[in-house]
Amino acid sequence: MKIKKLLAGAVCAALSLSLLAGCGNSGTPAPSGSGTPSGSGGGATEEPLTLKLAHNLAEDHAVHIAMTAWAEEVKTQSNGSITIQIIPNGTLGSEADCIAQIQAGALEMTKVSAGTLGNFKNEWNVLSVPYVFNDKEHYYKVMDGEIAQDLYGLTAGDGFQGLTWLDSGARSFYTANTPIRTPADLKGLKIRTMDSQMAIDMMTALGGSSQVMSYSEIYTGMQQGNVDGAENNVTALRDHADVTKYYCFDEHTRIPDIIVISSNIWNKMSDNQKQIMQDTAAKMTEDYKTAWADFENEVLEAATSGSNPVELIRDVDTAAFQEACQPIYTNLQTSDPAVYAYVERIQEAGK
């Protein structure tokens, strides 16, 4: 598609130029619990490392383009002591499969949704709680700050830890026939969601029915009426615009992508190598915010033009959706106080 070629060129050029401008010390702290262990020597030998980084997206996706530019910069900044080999297209399996391979020592890095990490530490589920973020600015503040750093360190004892994050936009509902402006509009509708208890609970709270299926099945599902719609960020219209009549900006969740690294590999790195990884990763994250926004705009432009354009519904009663989701918060207080503690921290950061 033309949009893919435009995106690839624009993102690659922007990221490459920005990274080549130089990556100074960004001040990004090390992932919690991931510093060099006592007695291991901060000036560890700088042995050459080749790190395989697996993800499940295509080579023309903005994520792959960003990580490719990052890998080049890491190699340059480390004078070749760190080589990142990117393995796209789900070649090594699902996100959960890749985490398992890191734990087994067969893989060094992967890109996963924060939702997947909730399967390993419940606290990560906080980023899937509907309307936990007030807006994009609040979301950026949390993900660029101390709260995200604390989340990164939660799995260090499980063999992997977070390094940085990538924007994945706001998730909203899109449907084949029904405009969604209030929760009442979802009544009786079957909506495809991720295989996530939080997503299922959200649909229950909003009055719809959650239908779990793979992303690859959505097009046919909507075309044949097996589902009435789905929920995702606007870039899903790159694949589903032909079967979508309405995209409705309720923006119920903002679930970032997370790049994780083997704790064993991290602790083998010299302080200099760690700093290079942190600084260049932070720069990639910052540049990607613009790349992602451009990606969304390109997809929206393509989806809303042509002979069968998608109608964008922006007059959504967000307050009604927030109110309908309150039972989720009430339940978390008693069912998962560790997650709720993070909810409170995030809400405090938004004041």
Side-chain angles (χ1 to χ4, degrees), residues 4 7-8 11-12 14-16 19 31 49-75 82-120 124 127-128 143 148 151-152 155 158-169 171 194-196 214-216 218 232-233 235-236 238-239 254-263 265-266 277-278 280-289 291-292 294-296 299:
K4 295 182 179 181
L7 173 67
V11 174
C12 191
L15 287 171
S16 296
L19 284 168
L49 298 169
T50 297
L51 312 179
K52 297 186 298 293
L53 194 172
H55 68 85
N56 59 4
L57 300 170
E59 290 97 327
D60 66 350
H61 194 284
V63 164
H64 181 82
I65 296 166
M67 291 194 297
T68 298
W70 175 50
E72 292 173 357
E73 185 63 14
V74 168
K75 190 168 187 176
I82 305 173
T83 299
I84 298 176
Q85 177 188 354
I86 301 175
I87 305 172
N89 297 312
T91 302
L92 298 185
S94 69
E95 292 185 341
D97 291 336
C98 289
I99 293 288
Q101 289 174 61
I102 288 178
Q103 292 177 310
L107 182 66
E108 290 74 40
M109 300 177 70
T110 188
K111 187 283 302 175
V112 300
S113 167
T116 297
L117 294 175
N119 296 321
F120 296 88
W124 275 103
L127 300 181
S128 300
M143 292 310 303
L151 287 169
Y152 290 164
T155 56
D158 298 302
F160 65 95
Q161 58 205 49
L163 179 63
T164 194
W165 68 284
L166 296 172
D167 194 1
S168 191
R171 299 177 74 95
M194 296 183 292
D195 188 7
S196 156
S214 70
Y215 183 84
S216 63
I218 295 175
N232 211 322
N233 60 60
T235 66
R238 183 169 71 153
D239 301 314
R254 298 176 185 272
I255 305 175
D257 283 330
I258 308 295
I259 294 178
V260 301
I261 185 169
S262 159
S263 297
I265 292 297
W266 181 259
M277 291 289 286
Q278 290 166 349
T280 55
K283 190 68 168 63
M284 172 178 62
T285 292
E286 190 61 30
D287 292 339
Y288 189 73
K289 293 174 184 176
W292 177 262
D294 291 342
F295 188 14
E296 289 187 320
V299 173

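- The aromatic rings of Tyr288 and Trp292 sit tilted relative to each other, their planes meeting at an angle between 30° and 60°.
- Taken from CG in Asn232 to CE in Met194, the straight-line distance is 7.5 Å, to the nearest 0.5 Å.
- With values rounded to the nearest 0.5 angstrom, Thr116 atom OG1 is found 10.5 Å from Ile258 atom CD1.
- Partners of Glu296 by salt bridge (charged side-chain N to carboxylate O under 4.0 Å, His left out), not counting sequence neighbours: none found.
- In terms of the side-chain contact (heavy atoms from CB on, under 4.5 Å) criterion, residue partners of Asp195 (sequence neighbours excluded) are, by chain and number, Val212.
- Checking Gln101, Glu108, Gln85 one by one against Lys52, the side-chain hydrogen bond (donor to acceptor under 3.5 Å, both in side chains) holds for a single residue, Glu108.
- Between Phe295 and His61, the ring planes are perpendicular. Angles over 60° get that label, and only those under 30° would be called parallel.
- Shown here are the side-chain contact (heavy atoms from CB on, under 4.5 Å) partners of Lys75, two or more places apart in sequence or in another chain: Thr83.
- One distance of note links CG of Asp287 with OG1 of Thr280; it measures 11.0 Å at 0.5 Å rounding.
- Shown here are the salt bridge (charged side-chain N to carboxylate O under 4.0 Å, His left out) partners of Asp97, two or more places apart in sequence or in another chain: there are none.
- Applying the side-chain contact (heavy atoms from CB on, under 4.5 Å) rule to Thr91 yields the partners Ile87, Asn89; only residues at least two apart in sequence or on another chain are considered.
- The side-chain contact (heavy atoms from CB on, under 4.5 Å) check on Asp257 picks up Val63, Lys111, Ser113, Leu166, Ser168, with sequence neighbours excluded.
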